[in-house]
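Everything on this sheet refers to the single structure shown next.
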Amino acid sequence: MSAEPVEVRVTKPETDAYLSVRDLRVHFPTADGLVKSVDGLSFDVHRGEILGIVGESGSGKSVTSQAILGLHKGSRARITGEIWLDGQELVGASEERMRALRGDQMAMIFQDPLSAMHPFYRVGDQISEAYRVHNKVSKAVAKKRSIEMLDRVGIPNPDRRYSEYPHQFSGGMRQRAMIAMALVCDPKLLIADEPTTALDVTVQAQILDLMKDLQREFNSAIILITHDLGVVAETCDQVVVMYGGQCVETGTVDEIFYEPQMPYAWGLLTSMPRLDRSRQDRLQPIAGQPPSLIQVPKGCVFNPRCAYQDKVGGDVCRTQHPELVPLSTSSTHAVRCHIHPEERRRIWADEIKPTL
Amino acid sequence: MIRYIVRRSIGGLFVLVATSFVTITIFFIGPKVAHISPALYFVGKIPPTPQGQKLIEHRLGFDQNLFQQYWTWVKGIFVGRNLGDDQSVIHCNAPCLGYSFRQHLPVSHLIAQALPVELSIAVGAALLWLVGGVAIGSISALKRGSIFDRLAMTLALAAVSLPIFFTGPLLLLIFKYNLKWLPNTNFVGLTTDPLQWFRSLILPWIALAFIYAALYARLTRANMLETMSEDYIRTARAKGLARRRVVIRHGLRAAITPIVTIFGLDIGQLIGNAVITETVFNLHGLGLLSIQGINSQDLPVIMGVVLVATFAVVVANIIVDIAYAAVDPRVSYS
């Protein structure tokens, strides 16, 4: 069963964004029921911009990225909504069309670079292969290009390293090689799915710096998927906070870190370890478990774990699904919450911010 | 790499020495425990008088101790040996694996006759089951749950369950006697008449490959399913590779690696073990030779076949290990 686009709008949305996702839904039919991994997600990414997608495990971050690349095509996933990449709609695109775009216009870096590389092929050959799929060049030219890329991502002795196997690389070097492989065709969109999670903390910073450098150099759009708020604060321009397959808050990185308005975003911030906080304070985890994606809570997805429902009259939080409402017409900051904006601002300023 | 091969070969040599020594020990000591002269199993008839028996035992060297006997036997392989004493001498040229008094032929001659048949059966069947099994298994994995997959896997289960003494005669009945497509299935050497060689072997190949292909198909299917869910397959797709290339170059390449191991061992084991196939199709290979040896209690023949079969397994093992390091770069030669 392939993806069935329910409604395909022919007109491109009014945006100059390089990638524009509109009301994306990715549902997987299983024996236990329909898993709504992503349910009504929208966001834009511009050239030269880094968008961070933050959320717990199972919030739909990786599923979203794979949907953009069309990696769910041919699986049982049901994908609806629209994904516009530089004026082309991707949800309804054929596998062949997607294949031509993958690796060329958009590329992806994965979490664990050891398992993401083929153990039986030389690192350099894997990069050359990625180049030769989209460029009709000889092996020698592809090799030269791959060595250049290895050099560019900071791998010493790229000539020699070209002929080594992934298991001969260290973790950080492997991720650099993955980045080289992703960037070998000059993609305009790079999706990095937890690129630093499997790495040492010292190496993490190097990889993030490298990504930022390359992004400036190639003016590409980057989607950085992570559950590490530190990484987001350091690298991203825009942030999408995902919970239960939905965007619950979005805005610039400053808005999300200095004026968050959704109780889930507060929870993320209070549960983040900080070096400038006195040691005896315990971290404040968000109570409860992430929601089941088969039986998504009625009303607000976050309501079973939300401590601020008393700020809203009646049982609106449990019955009505809140819309993602922009704070002002000009702002990118939007929040999916029933609490009155004034009240949210007050809670943040008086109750949450002082405890951080 | 060279050092690795040398070291593995020395190891293999030890296995050969140990196997042959144990074989000889069993065959020389066994009869003694049962108070039967080992000479009986060499010449078949024992002179009724004790003096005659002593004489034969002396001629065959059974009056020497075990190690001397083993040494004589091993030396015979390299330089040949004379059996008997001054009165009646049989010269057995190197490589002398013993002399079959029942057939009045040196064992090495019997083996040399049987080996081409044996290799023809084993190699032909092996190629057939490797290609067939891997292809069917891969398609099954890629079309998991489809009609093809279910049909192939049911058939595989049936194939593994059906013994060759059922499928063999069935094939003969259909293709030789009913359809008369292969009226003459007498074995002829490959160099003598390639077409007749092929005609004589195609049915045993199919019968043998049927069983093994079923195992290989199931194995390939399981490996392939596992491999295709690996992260590096997702990477290959994310690079924009065509599906065919993802499946063959990235999926199958990894899925086939463990199969290389079993394949080598299976071929090695098949040499000297295709007894039923050879019996059904009346092919005079090593299996049939050893059965004849056992039936007529012809010890020199059995010992010779055991040594050759062991040699085949040992060599196959070494080749598998070398091949494995070649297909999986993570395996080092040290």
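Chain naming here is simple, since letters A, B, ... match the order of the sequence lines and numbering starts at 1 in each.
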* Should the heavy atoms of other residues, nucleotides or ligands under 6.0 Å from CZ of A/Arg47 be counted, would the total exceed 12? -> yes

* State the CZ-CZ distance between A/Phe120 and B/Arg330, to the nearest 0.5 angstrom. => 5.0 Å

* Asked: Under a 4.5 Å heavy-atom cut-off, does chain B meet the side chain of A/Gln66, its backbone, both or neither?
  -> side chain

* Structure fact -> Comparing A/Met98, A/Arg102, A/Arg122 against chain B, the one with the most heavy-atom pairs below 4.5 Å turns out to be A/Arg102

* Asked: Counting only heavy atoms not in A/Phe218, do more than 12 fall under 6.0 Å of its CZ?
  -> yes

* **A/His118 and B/His250 aromatic ring geometry - parallel, tilted or perpendicular at 30°/60° bounds** => perpendicular

* Structure fact -> When the 4.5 angstrom heavy-atom criterion is applied to B/Arg245 and chain A, the contacting part is side chain

* Between A/Gly70, A/Ala100, A/Gly103, which residue shows the highest count of heavy-atom pairs closer than 4.5 Å to chain B? -> A/Gly103

* Report, by ascending residue number, the residues of residues 207-238 of chain B in heavy-atom contact with chain A at a distance under 4.5 Å; give 'none' if the set is empty. => B/Asp231, B/Tyr232, B/Arg234, B/Thr235, B/Arg237, B/Ala238

* Asked: Where the side chain of A/Tyr165 meets the backbone of B/Asp328, is there a donor-acceptor pair that is under 3.5 Å apart?
  -> no

* Indicate yes or no: does A/Glu95 engage B/Arg243 in a salt bridge with an N to O separation below 4.0 Å. => no

* Steps toward side chain to side chain contact (heavy atoms under 4.5 Å, CB included) verdict (B/Lys239, A/Glu129) -> CA-CA 8 Å; B/Lys239 285 201 269 189; A/Glu129 185 184 35; 2.9 Å; yes

* Structure fact -> What one should report as the nearest heavy-atom pair of B/Pro329 and A/Pro119 is CG-O, 3.5 Å

* Check each atom of A/Leu71 against the heavy atoms of chain B and say whether the ones under 4.5 Å are side chain, backbone, both or neither. => both

* **Region of A/Ala116 that comes under 4.5 Å of a non-hydrogen atom in chain B** => both

